[in-house]
Protein chains: 2
Amino acid sequence: MADIDRLEKVDGFKVVGTRPNRPDGVDKVTGRARFGADIHAPGMLIGKVLRSPHPHAKILSIDTTRALALSGVKAVLTSDDFGDVPAMHQATLHNVMAHNKALYEGHAIAAVAAVDVAIARKAIKLIDVEYEILPHVTDVDAAMAEDAPLLHEDNFTSGIDPKPSKPSNIATWSEFGHGNLDEGFSQADIILEREFTTEATHQGYIEPHACLATYSEDGNSEIWCTTQGHFLVRDTCAALLDIAVSRLRVTASEIGGGFGGKTVVYLEPLALALSRKAGRPVKMVMSRSEVFRSTGPTSSSSMRVKIGVRKDGRIIAADAHLNYQSGAFGGFIAMLGAMCAYACYSLENVRATANEVLTNRPMQASYRAPGAPIVNFAVESVIDELAVELELDPIEFRLMNAAKEGDRSSYGPVFDQIGLIQTLETARDHPHYQATLAKGQARGMAVGFWFNFGGLTSVSLNVNFDGTVTVSVGRPDIGGSRAAMCQMAAEELGIPYDNVRTIIADTSSLGFNDTTDGSRTTFANGLAIIRAARGAIRDMCARAAKTWDIPEEAVEWVDGCARPCGSNAGDFEPMCIAEIARKSPKTGGPIAGHHEVNAEGAGVSFAVHIADVKVDEETGRTDICRYTVVQDAGKAIHPAYVEGQYQGGAAQGIGWALNEGYVYGDDGIMQNPGFLDYRMPVCSDLPMIEAKIIEIPNKGHPYGVRGVGETSIVPPLATVANAICSATGVRMTQIPMAPPVLLKAIEKNNKQV
Amino acid sequence: MADIDRLEKVDGFKVVGTRPNRPDGVDKVTGRARFGADIHAPGMLIGKVLRSPHPHAKILSIDTTRALALSGVKAVLTSDDFGDVPAMHQATLHNVMAHNKALYEGHAIAAVAAVDVAIARKAIKLIDVEYEILPHVTDVDAAMAEDAPLLHEDNFTSGIDPKPSKPSNIATWSEFGHGNLDEGFSQADIILEREFTTEATHQGYIEPHACLATYSEDGNSEIWCTTQGHFLVRDTCAALLDIAVSRLRVTASEIGGGFGGKTVVYLEPLALALSRKAGRPVKMVMSRSEVFRSTGPTSSSSMRVKIGVRKDGRIIAADAHLNYQSGAFGGFIAMLGAMCAYACYSLENVRATANEVLTNRPMQASYRAPGAPIVNFAVESVIDELAVELELDPIEFRLMNAAKEGDRSSYGPVFDQIGLIQTLETARDHPHYQATLAKGQARGMAVGFWFNFGGLTSVSLNVNFDGTVTVSVGRPDIGGSRAAMCQMAAEELGIPYDNVRTIIADTSSLGFNDTTDGSRTTFANGLAIIRAARGAIRDMCARAAKTWDIPEEAVEWVDGCARPCGSNAGDFEPMCIAEIARKSPKTGGPIAGHHEVNAEGAGVSFAVHIADVKVDEETGRTDICRYTVVQDAGKAIHPAYVEGQYQGGAAQGIGWALNEGYVYGDDGIMQNPGFLDYRMPVCSDLPMIEAKIIEIPNKGHPYGVRGVGETSIVPPLATVANAICSATGVRMTQIPMAPPVLLKAIEKNNKQV
């Protein structure tokens, strides 16, 4: 009998660790895959949003008369169409549609649904809004100033005891750490204290937000949308529109990138509310400009980092203070930044504090390891500088201070089995790190950390009569996870990969699943799939036992077949899954396995990145000549997609380091809301990124899986900055290190030298 | 703790037995519901079928050159595109696309996929088919003649031992019964032997067959279609196209009627095969003419019935022989007819035999209680005639011979608790039967039987965080079953009806479900839902126990809440479903219940119909002046929809009795393939049909549910015929009793009198 709770690592994997084709591959390369904008419904209307032209303005009145009078307009929506919502959903509601005040340029003010896009666009222009323009603030430090314009008069910083006596733009204060900083710094031989800033970047997914919603008069509703979490879309929209969760069915389309930015709602509640008013399905698709101006970029920041070391290379005290700009509403990303600040290090005296700061910018959203790359840039820059001061190899310096199993982490919990030391050692011994530098090139490295999450997970596994298997999961596949799900089910059941198909079920067909974020999918879905498969195996063994008329204990499952085991079991030919399935109608009915769990035990992971760069000192342009990622995957279910995650994170981090960034004018208007002016890296900007997988099993998963998707974006900012410093002698304290910025820094440095 | 296996009838229903609005109602009346033809995919092609103009012809060659050369044509399909299939699927394959021979007018010969419907239609005409016309046969008796043209040279009647020495058009022989007929008839005081014929009718669903299929190069495929059984569509298409079941995902649209006719595939395999050839999604929609000429009508028949009674009114022997015309391929409907022939009666000597006869007509498909109305017309006509001879009230005569619990049925099994006697008594005492006839009117009645089925069933039930519940089932809702599913889940969980929503899951999101037919849905889904709900209740009680830190046994579930029970359980406030659900992330994860079963114990049901008619002897037109259905539902979960089933079956049966019927010319071509010439009853043809529900619980279901959908179409043919006989003195032996036919019979009778 299969033990459903056997959670040790399985030896001798047959399917796990191979590199089969991904199930969604062909449809995506042929264009047949249906993304958010590819869904149609008979009689559907087109919805469009009127957005604020002002970064901060009181909405005195909205007159929809002229818009409603336009032929073909079926509904106009304003914040008046929404009622009160629970406190936890208020920021979401007021972000998707401005309530009394426009808080950023691009903030939704009203929306229309019309019979076609031309009429919808025209109608938007016929909505008359009277604004009272207010002073605005988009800079994180300026927003904390005593006299800064307040976004929310009722915002009192949370996380401080006692509660502040007056409102401010600081939404949340966070603090992590342990030990005695003063004592630590007093023992230090070298103390470095540095300040850093970073600019906001966007997740830059190719597919804009898109959805189709239909609301029936009896309250039964449906949404199709591009999202990382359709259960979250369901529960949020149900709360915003005050409908029962069971009434709303949400189907996730294929997704053209999300990277954290599709973990929140924007259009979905508007489309559903428009459909409720108009009585017809409503489709909404954002333009690129809307994506930039109205959806979640990550935070900009200002940071101060102070680290003290002894001459022997031991870090004796580390402090950091972070100010993360969160846009018009507060979140949790500054907190995550503070938690990640020193997670790579084994420290006795450590503290990281953070302010989440409100500004007149779009509400920040998660972006791949949210908060971590920002603080990592600051900390790993100072660590790098310390290594130089100490005349230590930067990897050796980190090895001397690396976090290990049993350490109390800088954010609280004690680490279980982790792979940082092995990752650093592998990086040190890697051909890239050992290679002699090409002429004119310089090398930098950094180490990075991400938690990885588990969370609420429901899966079903159904055995078809031909012995093939369908796995039903509830997290959109943003990185090839369907392949990994098929592999784990096939591994457990002992059948070929091609005999398993995994689909993403809609919210009415499966129990709740947390969003695809936090690098949780392969870990948590996998855990549940393995358990569901073991449940099905237990059932199949029982059916074989029934057929053979022997005790269930006398049947074991080997290589996709039930067979008698033990001396008294009897002599029966093994019954394989196809035979058991074919006979299942006569042995009780369809065979299935289900599992619902709040998956705990996700394993943290660490990455070391190495970059060789060449800096053109005449233009300030940095070329990445060679780049290597070494990262602990716990166990790589599908190594090619793990490598893809490593490469993708690195590519995005390099873009963040060198070019990307929101540009605001004094008028509070974003000046580069398009891919021509917001410059993301393209293939020709990047070398082939080498990816090296380390496998230090996570004890919380039967196969040892850790999350892999996010850690890889953490080290690139510092890695590139450290390489640039090595190349130019200039320690950059500002991100992006775009050519004009770097050129100016080089010129300033040259003058000083 | 809830006992998952508690299957007794629950007393004091709160939700079951009420009449809430159906969940799909608003979308259907507003036109928002998406039916088979309402699904679109980007880049989709339109598929059309070339159909045989000949009832029987050898296909000498098919030249697709000209069609393929037409700009916009992306694929042409012939039977060559399909490989060998398992024997059980061969008839289906050869019916959806002719193999060597066209077997009926309308038989699919080839199909095209093109960029629009106009080009597809044009392309069809450019396919050059060379036929060798063969002699044909469309009449059931002619097809059994020695020299009849053979449809299949390799057809040897099955069910006969020894196997016949030469092929014929008789596909299957069936025989049921027990006792000694000769002995029985020898004891009879009166023996009547009569012959009857019926013409084929069509299910007449308003929505024609429609589907959209997409086949990816990697074998992953999807179909959206209007069907009564998307799992059957999946498994059949997978077999016909030789793909793994797991590779094909089928979603059922809303359905605009099926009545048995959407339990088989027609377009689906063609669309999928066209998509495989063309590399693009393919949509296909039948015209009404195609529906008539190519999809499943019921059988036509010729029958002989012989019944012997004693003077005391006891039926002492009963024999019947049925010839059911099955179209171009054999099936099982003649067998079902033979099984139903005498099921209403408690008989010591009984036999029913049946031939399933091949003809050059479209392959018959199930039509609501398939086979039963036909034989019931014959048997109940003779029973009626016997009552007249015996000068007994027809209900009293039936009561004297009615089947009851413990009787061996005429088709084999011993009856469990059944409600025929109560149904007859209720009909006898019904105001309709007691009412004095209006002038010029006459009354008839008949009794009918149907088995009702159970079968393979999988359901999932998920509890949302707000305490509302989603039930996921796998059988398309053809008669409001979603409402009944919600009611049973709500009843079991102790929550309001409005807090439950039931959806039809696609084939990849749920385990296998047999098709919505055999009146199985409320019985089998309900059984599984009740058990799934009890599983969820058990889990919720366990979570409450965990929260309270008391044994699980000390928690009971009452009115939607867990509460401590027993003297030592402790004093805790009850925790209701919403609270347990909200806390579920911290008590283990999402709450769900699942159940997979081969549901046995479906309860047979009986109906008595009463009709008052008025016959215009100058035109032969029959008006139905009053009509009452009395039927045993076991337990009516949603009485309004049970009544709707009673009314719908009666309406269809009345149409069958009076007007509907396939008309063939000597050329073997159907002459009335449209609703103008194939006359279905409209509202003005019918009175309000009174529906009286009897509830004699089925012991095989926790709430006592029996199937209700089919039995109601069984008695109308005989009921109307018996009323006409009463009105005119003419015993009609032919269906339909259309005005010209009846007029002729009346005129003949008048001459004889």
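Quantities reported herein were computed from a predicted structural model and do not represent experimental measurements.
- Options A/D498, A/I591, A/T502 differ in how many heavy-atom pairs under 4.5 Å they form with chain B, and the most are formed by A/D498.
- Ranked by heavy-atom pairs under 4.5 Å with chain B, the first of A/A592, A/A505, A/S460, A/P585 is A/P585.
- For chain B, no part of A/S584 is nearby; none of its heavy atoms comes within less than 4.5 Å.
- The contact between B/T214 and chain A is made entirely by side chain atoms (from C-beta outward), counting heavy-atom distances below 4.5 Å.
- Cation-pi contact between B/R582 and B/F465: absent, since separation from the ring centre below 6.0 Å together with deviation from the ring axis within 45° is not met.
- Heavy atoms of B/N462 lying under 4.5 Å from chain A belong exclusively to its side chain.
- Interface remark: of the candidates B/D24, B/V471, B/D27, B/D27 forms the most heavy-atom pairs closer than 4.5 Å to chain A.
- If you tally non-hydrogen atom pairs under 4.5 Å between each of B/T470, B/I504, B/D466 and chain A, the highest count goes to B/D466.
- Of the two parts of A/V469, only the backbone, made up of N, CA, C and O, holds a non-hydrogen atom closer than 4.5 Å to a non-hydrogen atom of chain B.
- Of the listed residues A/E600, A/R501, A/K586, A/R247, the one with more heavy-atom pairs under 4.5 angstrom with chain B than any other is A/R501.
- A distance-only check finds a donor-acceptor pair linking the side chain of A/R276 to the backbone of A/L241 [under 3.5 Å].
- When atom types are taken as modelled, the side chain of B/N464 and the backbone of B/G467 share no donor-acceptor pair closer than 3.5 angstrom.
- For the set A/S216, A/G511, A/P42, A/S458, the entry with the most heavy-atom pairs within less than 4.5 Å of chain B is A/S216.
- With contacts defined as side-chain heavy-atom distances shorter than 4.5 Å, the pair B/D514/B/R475 qualifies.
- A side-chain donor-acceptor contact under 3.5 Å links A/D218 to the backbone of A/N220.
- Between chain B and the options A/A244, A/G31, A/G588, heavy-atom pairs under 4.5 Å are most frequent for A/G588.
- The most heavy-atom pairs under 4.5 Å with chain A, out of B/T468, B/V245, B/V473, come from B/V245.
- Residue with the most contacts toward chain A among B/S246, B/G589, B/S472: B/S246 (heavy-atom pairs, distance under 4.5 Å).
- Contact annotation: the side chain of A/W224 never approaches that of A/S253 to less than 4.5 Å [non-hydrogen atoms, C-beta and beyond].
- Side-chain contact check for B/V282 versus B/Y215: every heavy-atom pair is 4.5 Å or farther apart.
- For a residue to count as touching a neighbouring chain, one of its non-hydrogen atoms must lie under 4.5 Å from one of that chain's; by this rule B/F35 does not touch chain A.
- Side-chain atoms of B/D506 never come within 3.5 Å of backbone atoms of B/V250 as a donor-acceptor pair (strictly under, hydrogens ignored).
- For the pair B/V500 and B/I495, the minimum side-chain heavy-atom distance is below 4.5 Å.
- Checked options B/K28, B/R34, B/R32, B/R22; the residue passing with B/E254 is B/K28 (criterion: salt bridge (charged side-chain N to carboxylate O under 4.0 Å, His left out)).
- When each of A/R234, A/E217, A/H40 is scored by its heavy-atom pairs under 4.5 Å with chain B, the top score falls to A/E217.
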